[in-house]
Amino acid sequence: MSLYKKKLFEHYQNPRNYGVIEGYNFKAELTNFSCGDSVLFQALVNNNCFEKIAFQGQGCIISQATASMLTEYIINKDFDFVKNLSKEDILNMIELDLGPMRLKCALLPLEALNIGINNLK
Ligand code: FES
């Protein structure tokens, strides 16, 4: 297994910030209807900034490991930071180049967060 895939697999096996947040004031969830995989984020947000964030979900290694990495990546970042994240940013974060199908898996968590942010407005 390549080093990069190992990083992804490690996040899948030991997801960071997995669980729920008591008294959360931000929630975002999305299901990929083509496969049934899903992610759910809960967060404590202050001044549009993610002060604490957790996720739950079920699905493929890429979707779940990316959700785990994203919780670390966006902590103490604001909504604009998240909204400006691109497909390339996600690929850089997970350190893998993906084909179109797998790319959908990797973008599911970010898409969920963007929907959550847009729903607040
Ligand atoms: Fe469903 Fe990856 S196969 S999100």
Side-chain angles (χ1 to χ4, degrees):
M1 195 186 296
S2 77
L3 246 181
Y4 298 147
K5 282 190 181 148
K6 267 188 193 161
K7 178 182 165 182
L8 206 76
F9 198 63
E10 202 274 317
H11 268 266
Y12 181 72
Q13 285 192 312
N14 303 295
R16 318 301 196 267
N17 305 307
Y18 193 89
V20 296
I21 292 189
E22 290 289 318
Y24 65 87
N25 58 3
F26 175 93
K27 182 179 165 190
E29 58 188 325
L30 189 62
T31 297
N32 180 344
F33 286 108
S34 65
C35 60
D37 295 352
S38 63
V39 287
L40 161 68
F41 292 95
Q42 291 178 343
L44 284 176
V45 164
N46 190 15
N47 281 333
N48 290 349
C49 182
F50 290 100
E51 292 191 333
K52 199 172 180 189
I53 183 159
F55 86 100
Q56 292 178 284
Q58 50 193 5
C60 68
I61 292 180
I62 294 177
S63 65
Q64 303 307 302
T66 305
S68 167
M69 286 184 212
L70 257 182
T71 61
E72 292 189 319
Y73 199 64
I74 68 168
I75 196 70
N76 295 321
K77 299 287 196 307
D78 65 11
F79 289 171
D80 283 343
F81 177 85
V82 173
K83 281 162 58 180
N84 287 323
L85 287 175
S86 66
K87 173 184 84 178
E88 286 72 28
D89 292 325
I90 297 299
L91 291 175
N92 285 338
M93 184 186 76
I94 66 176
E95 299 176 3
L96 270 184
D97 207 7
L98 301 170
M101 287 312 287
R102 304 270 86 185
L103 184 61
K104 280 187 99 173
C105 307
L107 294 180
L108 184 74
L110 178 62
E111 234 180 286
L113 285 170
N114 277 317
I115 290 170
I117 290 169
N118 288 334
N119 283 345
L120 288 179
K121 309 222 158 162

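This chain uses plain numbering: 1 for the first residue, then up along the sequence. Whatever order the structure lists ligands and atoms in, that order sets their numbers, starting from 1.
- Using a 4.5 Å cut-off on side-chain heavy atoms (C-beta onward), N25 and N46 make no contact.
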Kindly indicate, with the supporting measurements, whether the criterion ring pair (Phe, Tyr, Trp, His ring centres under 6.0 Å) is fulfilled by F50 and F79. CA-CA 8 Å; F50 290 100; F79 289 171; 5.4 Å; yes
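- N14 and E10 share a side-chain donor-acceptor pair at under 3.5 Å.
- Distances from atom 1 (Fe) of ligand 1 under 2.8 Å pick out these protein N/O/S atoms: C35 SG, D37 OD2.
- With M69 as the partner, the side chain to side chain contact (heavy atoms under 4.5 Å, CB included) test is satisfied by one option alone out of K7, R16, E95: K7.
- At a threshold of 4.5 Å between non-hydrogen side-chain atoms, the residues F26 and Q42 do not count as touching.
- In terms of heavy-atom proximity, I62 sits nearest to T66 at O-OG1, 2.6 Å.
- Numbered from 1 in the order shown, with element, the atoms of ligand 1 that lie under 4.0 Å from a heavy atom of R102 read 2 (Fe), 3 (S).
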